[in-house]
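Working notes, beginning with the structure itself.
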Amino acid sequence: MTFKDMFKKTTYISVEPEKTKAKREKQETEPVIPEGMWQKCTCCGELVYSEDLEENFYICPKCGYHLRIGARKRLELVLDPDTFIEWDIGLESKNPIEYDGYEDKIKELQEKTGLDEAVITGTGKINRRDVVINVCDTSFLMGSMGYVVGEKITRAMERATKQKKPVILFACSGGARMQEGIVSLMQMAKTSAAIKRHSDAGLLYITVLTDPTTGGVTASFAMLGDIILAEPGALVGFAGPRVIKQTIGQDLPEGFQRSEFLLEHGLIDNIVQRQNLKRILARLLKLHTKTKQVPDLYAKVVNELAEYENRKNSLIAQKEEQEKLENDFNNAFLNYTEKTSTRFVMGSAVEEKQRLLHDLAQEHEESSITGNQYFSAWDRVKISRMAERPTAVDYMKRLFSHFYEIHGDRVFRDDRSIVGGIAMFGNQPVTVIGQQKGHNTKENIVRNFGMPYPEGYRKALRIMKEAEKFRRPIICFVDTPGAFCGIEAEERGQGEAIARNLAEMSAITVPILSIMIGEGGSGGALAIAVANEVWMLENATYTILSPEGFASILWKDSKRASEAAEVMKVTAADLKRLGIIEDVIPEQEPVTQETMEEISIIMKKKILTFLQNYMGKKEDDIVTGRYRRFRNM
């Protein structure tokens with residue numbers, strides 16, 4: 001018998017350990033879960049059904065965390081289907097500092113991810129509008145920026161400049177690529193220079209910051225957008241938490257360097273949920289489209305005004321018919337009482353009331369913009385301060401459509417006492433800025449009672465300069481007791497911020513209109529009123545400082561504020577006579593939020609005329625006209 005035959009006949013008995021046996025039996029009885037059916041949220045740790053996650057734009061339904069997604073998935077989410085054309089495929093990565101194993105690592109990642117590098121560039125459409133789009137991908141060396149990333153972004157910017165297209169860039173990166181040393185650092189300057197050329201050509205650049213965006217990417221192309229958006233909760237910072245901890249031993253507080261922190265500190269314009277991103281990008285592209293002077297540019301506004309006039313005339317006709325019926329009834333009733341020798345006071349009382357109202361209305365109409373004032377100067381000061389008076393945001397909602405608010409001075413903070421953004425007036429994009437008060441104590445605390453800090457004025461100027469780049473007219477709503485005068489404001493340079501606005505606004509090459517809707521307090525008001533024209537509502541005021549302050553300084557008695565208001569010439573009628581303002585918008589009665597429709601229609605008509613007059617003018621004529629306006633005062 002051979003050894004082989006002996007082996008065949010040999011019986012082997014193995015004893016399976018009880019623990020292993022129990023584990024095997026459990027696996028055999030449990031259902032098999034297909035690979036990839038569930039995904040674990042990297043934030044809350046919960047398991048989420050993959051299909052649900054995909055339908056929810058890869059946002060965890062348990063905690064709201066926006067999971068990291070690849071570049072191609074982002075393109076799919078924001079671009080119109082089948083419109084993307086990729087650029088600059090196959091650029092070869094170098095190993096400038098001969099870092100050991102770098103070439104092999106690049107090849108390995110290319111095979112694993114299907115990407116040739118950490119960014120995809122190309123062109124596509126968003127709601128049928130052409131864009132150049134760049135998308136970083138953290139699955140390729142954490143989206144770090146080496147030579148190829150810098151080269152692809154630079155080429156995309158240069159091509160967009162030549163083709164006069166807007167650029168959208170999705171940033172996510174660990175920063176500069178260490179394996180390429182100083183060559184990686186140079187990509188920061190290279191990409192930034194290309195972005196500057198694109199900007200100088202008057203073209204739009206939007207960046208979307210995603211988790212994480214740090215290091216050299218933050219210090220270059222990620223933070224140079226005309227508009228900077230961010231996904232919720234994204235980590236954004238120059239030095240990441242680990243680097244800070246290891247370098248200087250400092251622990252960062254909760255929420256530090258997250259999107260919400262950046263918005264509060266004025267460094268980004270808005271936080272956008274991923275499911276809303278395509279809609280917001282499409283809206284921004286529309287608002288930044290440069291319009292040509294075409295006949296139907298304001299057709300929508302003209303039609304709105306015509307509809308209002310028809311509705312108003314119909315209401316007037318109904319009112320006149322009602323008054324005629326009432327008068328006929330009263331006359332018939334009076335005739336009846338005379339014939340029957342019955343005295344009844346209703347008819348005479350109605351007539352007396354009508355006569356009194358007629359006299360008062362006539363008196364008010366005659367004195368609205370004359371020296372014979374219906375209200376005293378002090379009355380108008382009190383009216384201008386009324387909590388019921390419409391604010392800048394109230395007028396923005398009434399006068400414009402598609403308003404999109406942008407935030408922050410890009411340096412320190414977002415000052416909520418100044419609101420600014422982009423909107424449509426008919427088919428004309430406009431920039432609107434306003435000093436914003438609240439209607440109650442809670443709102444006023446948030447808005448600092450309409451008293452801007454230096455960062456508020458810097459935000460306003462930033463928004464104006466953005467308007468100038470895209471040739472949008474600027475409309476400002478002035479309503480402030482004055483610039484905030486606390487310690488913080490002085491520390492951050494309140495005087496310099498106001499002075500900078502006065503100087504820069506004087507030279508802005510697009511038309512500026514400022515409308516005093518409430519208080520126009522001192523330099524705090526003037527800082528957004530260096531305009532081609534300044535208008536005032538009839539019950540608004542415009543002063544060198546408050547009447548209380550005037551009386552306190554000159555007469556050492558703030559209680560003489562009402563007397564000071566008369567001396568100071570603070571009313572619209574006074575300022576029109578002095579040549580300080582161009583127009584007075586009448587208030588048949590002190591305007592409130594409930595009664596503002598009529599005055600909004602008057603404003604809309606006047607703004608329409610202003611834009612038709614100014615938008616066809618040459619830049620030099622706009623600037624020269626504004627200079628002469630103040631030069632002659």
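- For the residue pair I418 and G456, the shortest heavy atom distance occurs at CD1-O, 3.4 Å.
- A donor-acceptor pair under 3.5 Å links the side-chain atoms of N632 to the main chain of R628, judged by distance alone.
- No side-chain heavy atom of M568 sits under 4.5 Å from any side-chain heavy atom of D574.
- By the ring-ring contact (aromatic ring centres under 6.0 Å, His included) test, F256 is found to be paired with F261, residues two or more places apart in sequence or in another chain being considered.
- Proximity of F57 to H66: side-chain heavy atoms (C-beta onward) are nowhere separated by under 4.5 Å.
- Judged purely by atom type and a 3.5 angstrom limit, D414 has no side-chain atom pairing as donor or acceptor with the backbone of G266.
- Between D226 and K465, none of the side-chain N atoms (NZ, or NE/NH1/NH2) sits under 4.0 Å from a carboxylate O, so this pair counts as no salt bridge.
- Across every non-hydrogen atom of S199 and K469, the tightest pair is OG-NZ, 2.9 Å.
- With E548 contributing its side chain and S558 its backbone, the two residues share no donor-acceptor pair below 3.5 Å.
- Electrostatic pairing of K606 and E582 does not count as a salt bridge here, judged by no charged N lying under 4.0 Å from a carboxylate O.
- Donor-acceptor pairing under 3.5 Å is recorded for the side chains of N270 and H407.
- Contact annotation: the side chain of I59 approaches that of Q275 to within less than 4.5 Å [non-hydrogen atoms, C-beta and beyond].
- Nearest heavy-atom pair across R626 and V530 is CD-O, 3.5 Å.
- The pair R462-E455 does not count as a salt bridge, with every side-chain nitrogen at least 4.0 angstrom from each carboxylate oxygen.
- Between R472 and E466 there is a salt bridge, since a side-chain N of the basic residue sits under 4.0 Å from a carboxylate O of the acidic one.
- Ion pairing between a basic and an acidic side chain is recognised when a charged N comes within 4.0 Å of a carboxylate O; E264 and R413 show no such pairing.
- Salt bridge status for R458 with E504: absent, with no side-chain N to carboxylate O gap under 4.0 Å.
- To the nearest 0.5 angstrom, R380 atom CZ is 5.0 Å from N539 atom CG.
- Residues T541 and E519 have side chains that never bring a donor and an acceptor to within less than 3.5 angstrom of each other.
- Side chains of D409 and Y457: a donor-acceptor N/O pair is absent below 3.5 angstrom, by distance only.
- Between T207 and M223 the shortest side-chain heavy-atom distance does not fall below 4.5 Å.
- Closest approach of I528 to A460, counting heavy atoms only: CG2-CB, 4.2 Å.
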From CA spacing to verdict: side-chain contact (heavy atoms from CB on, under 4.5 Å), I126, L285: CA-CA 9 Å; I126 296 179; L285 289 170; 4.1 Å; yes
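- Distance CG/D583 to CD1/I581: 7.5 Å, rounded to 0.5 Å.
- Between the side chains of R129 and T289, at least one donor-acceptor pair of N or O atoms lies under 3.5 Å.
- Side-chain contact annotation: S417 with Q436, donor-acceptor N/O pair under 3.5 Å absent.
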What do the steps show when you test I383 against V591 for side-chain contact (heavy atoms from CB on, under 4.5 Å), and what is the final call? CA-CA 9 Å; I383 291 170; V591 66; over 6 Å; no
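- Side-chain atoms of Y542 and M536, non-hydrogen and from C-beta on, do get closer than 4.5 Å to each other.
- Side-chain atoms of S522 never come within 3.5 Å of backbone atoms of G524 as a donor-acceptor pair (strictly under, hydrogens ignored).
- The existence of a salt bridge linking R283 and E405 is excluded, since no basic side-chain nitrogen approaches an acidic carboxylate oxygen closer than 4.0 Å.
- Screening I622, I475, N613, V430 for a side chain to side chain contact (heavy atoms under 4.5 Å, CB included) involving P511 leaves a single residue, I622.
- With values rounded to the nearest 0.5 angstrom, S259 atom OG is found 11.0 Å from L267 atom CG.
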Derivation and outcome, side-chain contact (heavy atoms from CB on, under 4.5 Å), residues V131 and V167: CA-CA 6 Å; V131 295; V167 176; over 6 Å; no
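- Remark: the backbone N or O of T213 is paired with a side-chain donor or acceptor of T218 at under 3.5 angstrom.
- Below 30°, between 30° and 60°, or above 60°: for F484 and Y453 the angle between ring planes is between 30° and 60°, a tilted geometry.
- Side chains of T624 and D621: a donor-acceptor N/O pair is absent below 3.5 angstrom, by distance only.
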Apply side chain to side chain donor-acceptor pair (under 3.5 Å) to E468 and T509, showing your working. CA-CA 6 Å; E468 182 179 37; T509 56; 3.0 Å; yes
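- In this structure a side-chain-to-backbone donor-acceptor pair under 3.5 Å is present from Q494 to P452.
- Between the CG atom in L287 and the CZ atom in F403 there is a gap of 10.0 Å [rounded to 0.5 Å].
- Surrounding CD1 of I487 are at most 12 heavy atoms belonging to other residues, nucleotides or ligands under 6.0 Å away.
- In this structure, H402 contributes its side chain and M424 its backbone to no donor-acceptor pair below 3.5 Å.
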Walk me through whether F477 and V419 qualify under side-chain contact (heavy atoms from CB on, under 4.5 Å). CA-CA 10 Å; F477 296 92; V419 174; over 6 Å; no
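- Between R447 and E443 no salt bridge is recorded (no basic side-chain N to carboxylate O distance below 4.0 Å).
- Taking SG of C476 as the start and CD1 of I515 as the end, the distance is 9.0 Å to the nearest 0.5 Å.
- Side chains of D479 and Q435: no donor on one and acceptor on the other come within 3.5 Å.
- Within a 6.0 Å sphere centred on CZ of R398, other residues, nucleotides and ligands contribute more than 12 heavy atoms.
- Summarising the local packing, CG of D620 is surrounded by 12 or fewer heavy atoms from other residues, nucleotides or ligands at distances under 6.0 Å.
- For the residue pair N444 and T441, no side-chain donor N or O sits within less than 3.5 Å of a side-chain acceptor on the partner.
- Contact detail for V236 and L262: the closest heavy-atom pair is CG1-CD2, 3.5 Å.
- Between T592 atom OG1 and I599 atom CD1 the span is 10.5 Å, to the nearest 0.5 Å.
- A salt bridge does not link D415 to K459: none of the charged side-chain nitrogens sits closer than 4.0 Å to a carboxylate oxygen.
- Salt bridge annotation for R560-D557: absent, with no cationic side-chain nitrogen under 4.0 angstrom from a carboxylate oxygen.
- Contact of the M505 side chain with the I512 side chain is registered, since non-hydrogen atoms from C-beta on lie closer than 4.5 Å.
- Side-chain atoms of K286 and L281, non-hydrogen and from C-beta on, never get closer than 4.5 Å to each other.
- Side-chain atoms of L277 and F170, non-hydrogen and from C-beta on, do get closer than 4.5 Å to each other.
- D269 places no side-chain N or O within donor-acceptor distance of the main-chain N or O of L229, the cut-off being under 3.5 Å.
- Here the closest heavy-atom approach between residue L209 and residue A234 is recorded as O-CB, 4.0 Å.
- More than 12 heavy atoms of other shown residues, nucleotides or ligands fall within 6.0 angstrom of atom CG in L77.
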